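Positions are given from 1, in the same order as the sequence printed here. Since the model is a prediction, treat every value here as computed from it, not as a measurement. As the structure lists them, so they are numbered: ligands from 1, and atoms in each ligand from 1.
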Amino acid sequence: MGFFKIFKRKKNDKYKLGLHKTRESLGTLNEILESSDSITDDLYDQIEEVLIMADIGVEVTLKFMEILRREQIDKNITNPNELKEIIVDEMFNIYLEGEVVKSGIDYNKDDINVYMFVGVNGTGKTTSIGKLAHIFKKDKKKVLMIAADTFRAGAIDQLKIWADRAKVDIFYKEQGTDPSSVIYDGLMLAKKEGFDVVLIDTAGRLHNKVQLMAELSKMRRVIEKVISIGPKETLLVIDATTGQNGIKQAEIFKEATDVTGVVLTKLDGSSKGGIVLSIKHLYNLPIKYVGLGEKIDDLVLFDIEEYIYGLFSDFFCE
Ligand code: GDP
Ligand code: MG
């Protein structure tokens, strides 16, 4: 595919900075390749270990190693440094897997675009809603937040703070109200007042799968009652620092509801950035946005090229 070749142009410092921890763990890959004279089983073992440490996941790593070995033989490569190009190109292929992955979220200017945020408590749902509201607001969209996390004390106030920061409207009721009733009334308001974007914050309760499914499908039904096309996207928020645990959450939520994409937060504090590849490969869930910090501007569109460049920029030093 030749992705490696186009990389000299890539330079989004935000990504590079945000991915520094994961890059440090993958950085040893560069050292390993630079310091090896030949390609041996021992070298392959070392590469495998580094990828597992970066939380690319066992399944993806094993598949990747198989491809790497095959490519090395096919292309008759004997110099370890030349593996770099294959490593980068194959990382792309694993993410893309033959399909074109659309970047960003679905938006239609003629609809009320409803985005529902789901995920475990503390992953960054409320924060990401604040940041996304800011993005839409800058784009001159009329944005409404709906505070449907009525379970946790302080959750509504936290969303209000983000609504203030992003200078958008918020609909809320008292703590303890049935989330579906908040959603219903909030959407009625959005419809009446012609909002373009509605961001729904939900509680991150992962009590058990049956209850989770019931709760999420009730919310979805209510959305469909008011806006017949339903939510434009259901975004699962995953904390990148939780690594394999985050991958497990992807599995549970994907079974419980129709998740359309992932917002991967806290990539800035994580050395486990490799989970991007696992989530896409195992559950076919594309990453839509990544959180690279706590500030309002720290949510950026996921870009596979920037991402892989951020991970492997050591490879490209002259
Ligand atoms: P929620 O329970 O899912 O709504 O999670 P919150 O939005 O309350 O976020 C939990 C914590 O994670 C807060 O302290 C946020 O500031 C922090 N957080 C969220 N996203 C990011 C991110 O991308 N980077 C960093 N470093 N912290 C984040
Ligand atoms: Mg919250």
Side-chain angles (χ1 to χ4, degrees), residues 12-24 55 115-135 145-166 168 170-177 179 182-183 186 198-207 212 215-216 219 234-243 245-246 248-250 252-253 256-257 259 261-273 275-276 279 287-303 306-307 310:
N12 181 334
D13 284 344
K14 234 179 181 161
Y15 262 85
K16 235 184 119 180
L17 282 172
L19 283 164
H20 77 276
K21 284 203 174 163
T22 306
R23 185 169 57 252
E24 276 158 28
D55 262 69
Y115 305 101
M116 194 161 125
F117 286 72
V118 300
V120 172
N121 204 5
T123 50
K125 290 180 296 298
T126 306
T127 308
S128 299
I129 287 174
K131 293 168 174 174
L132 194 60
H134 177 63
I135 291 174
M145 293 179 179
I146 297 182
D149 178 357
T150 55
F151 180 74
R152 203 172 53 83
I156 299 169
D157 284 337
Q158 196 192 345
L159 194 67
K160 279 189 202 165
I161 293 172
W162 276 107
D164 267 354
R165 274 187 202 148
V168 302
I170 176 169
F171 182 84
Y172 60 92
K173 290 189 186 178
E174 253 175 280
Q175 192 196 336
T177 314
V182 185
I183 292 174
V198 178
L199 304 167
I200 304 179
D201 196 15
T202 66
R205 282 187 297 165
L206 207 132
H207 17 44
L212 181 74
E215 217 168 81
L216 291 173
M219 290 189 209
T234 300
L235 298 166
L236 173 63
V237 181
I238 294 180
D239 173 347
T241 62
T242 59
N245 223 328
K248 186 80 202 149
Q249 290 160 21
I252 294 170
F253 276 90
T257 189
V259 178
V262 168
V263 176
L264 191 66
T265 60
K266 310 186 201 180
L267 209 49
D268 52 304
S270 170
S271 57
K272 303 171 193 303
I275 72 169
V276 163
I279 292 169
I287 314 295
K288 304 277 176 156
Y289 281 95
V290 291
L292 294 170
E294 292 184 276
K295 294 193 296 294
I296 199 161
D297 278 316
D298 290 337
L299 189 74
V300 299
L301 264 180
F302 179 69
D303 176 332
E306 293 288 2
Y307 170 78

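In this structure, the side chain of Thr241 does not engage the main chain of Ser270 through any donor-acceptor pair within 3.5 Å. Judged by distance alone, the side chain of Lys125 and the main-chain N or O of Val120 form a donor-acceptor pair under 3.5 Å. The closest donor-acceptor contact from the side chain of Thr127 to the backbone of Gly124 lies at 3.5 Å or more, if one exists at all. Judged purely by atom type and a 3.5 angstrom limit, Arg152 has no side-chain atom pairing as donor or acceptor with the backbone of Ala203. Put simply, the side chain of Thr265 gets close to the backbone of Ile238: a donor and an acceptor are under 3.5 Å apart.
Taking every heavy atom of Thr123 and a limit of under 4.0 angstrom, the matching atoms of ligand 1 come to 3 (O), 5 (O). Of all atoms in ligand 1, numbered sequentially from 1 with element shown, those under 4.0 Å from a heavy atom of Gly291 are 23 (O). Applying the 4.0 Å criterion to heavy atoms of Gln158 picks out, from ligand 1, the atoms 6 (P), 7 (O), 8 (O). Close approach to Leu292 involves these atoms of ligand 1, each under 4.0 Å from a residue heavy atom: 23 (O). Less than 4.0 angstrom separates some heavy atom of Lys131 from each of these atoms of ligand 1: 20 (N), 21 (C), 22 (C), 23 (O).
For atom 15 (C) of ligand 1, the closest non-hydrogen atom of the protein is Thr127 OG1, 3.6 Å. In this structure, atom 10 (C) of ligand 1 lies nearest to the protein heavy atom Gly122 O, 3.6 Å. Of all protein heavy atoms, the one closest to atom 11 (C) of ligand 1 is Lys266 NZ, 3.9 Å. Protein heavy atom nearest atom 26 (N) of ligand 1, with residue, atom name and distance: Asp268 OD2, 2.7 Å. Given atom 5 (O) of ligand 1, the protein heavy atom at minimum distance is Gly124 N, 3.0 Å. Nearest non-hydrogen protein atom to atom 14 (O) of ligand 1 is Glu294 OE2, 3.6 Å.
Atom NZ of Lys295 has 12 or fewer neighbouring heavy atoms from other residues, nucleotides or ligands inside a 6.0 Å radius. The number of heavy atoms from other shown groups lying within 6.0 Å of OH (Tyr172) does not exceed 12.
In terms of polar-atom proximity, Arg152 is not counted as a contact of ligand 1, lacking any N or O under 3.5 Å from an N or O of the ligand.
Test Ile170, Leu299, Leu199 against Ile129 for side-chain contact (heavy atoms from CB on, under 4.5 Å) and you get one pass: Leu199.
Side-chain contact check for Leu132 versus Tyr289: some heavy-atom pair is nearer than 4.5 Å.
Minimum heavy-atom separation, Val263 to Ser128: CG1-OG, 3.8 Å.
For the Mg ion (ligand 2), the set of nearby N, O or S atoms under 2.8 Å includes none belonging to Thr127.
Distances from ligand 1 to the non-hydrogen atoms of Val237 include no value under 4.0 Å. Heavy atoms of Gly293 come nearer than 4.0 angstrom to ligand 1 in at least one pair. The closest approach between a heavy atom of Gly119 and any atom of ligand 1 is not below 4.0 Å.
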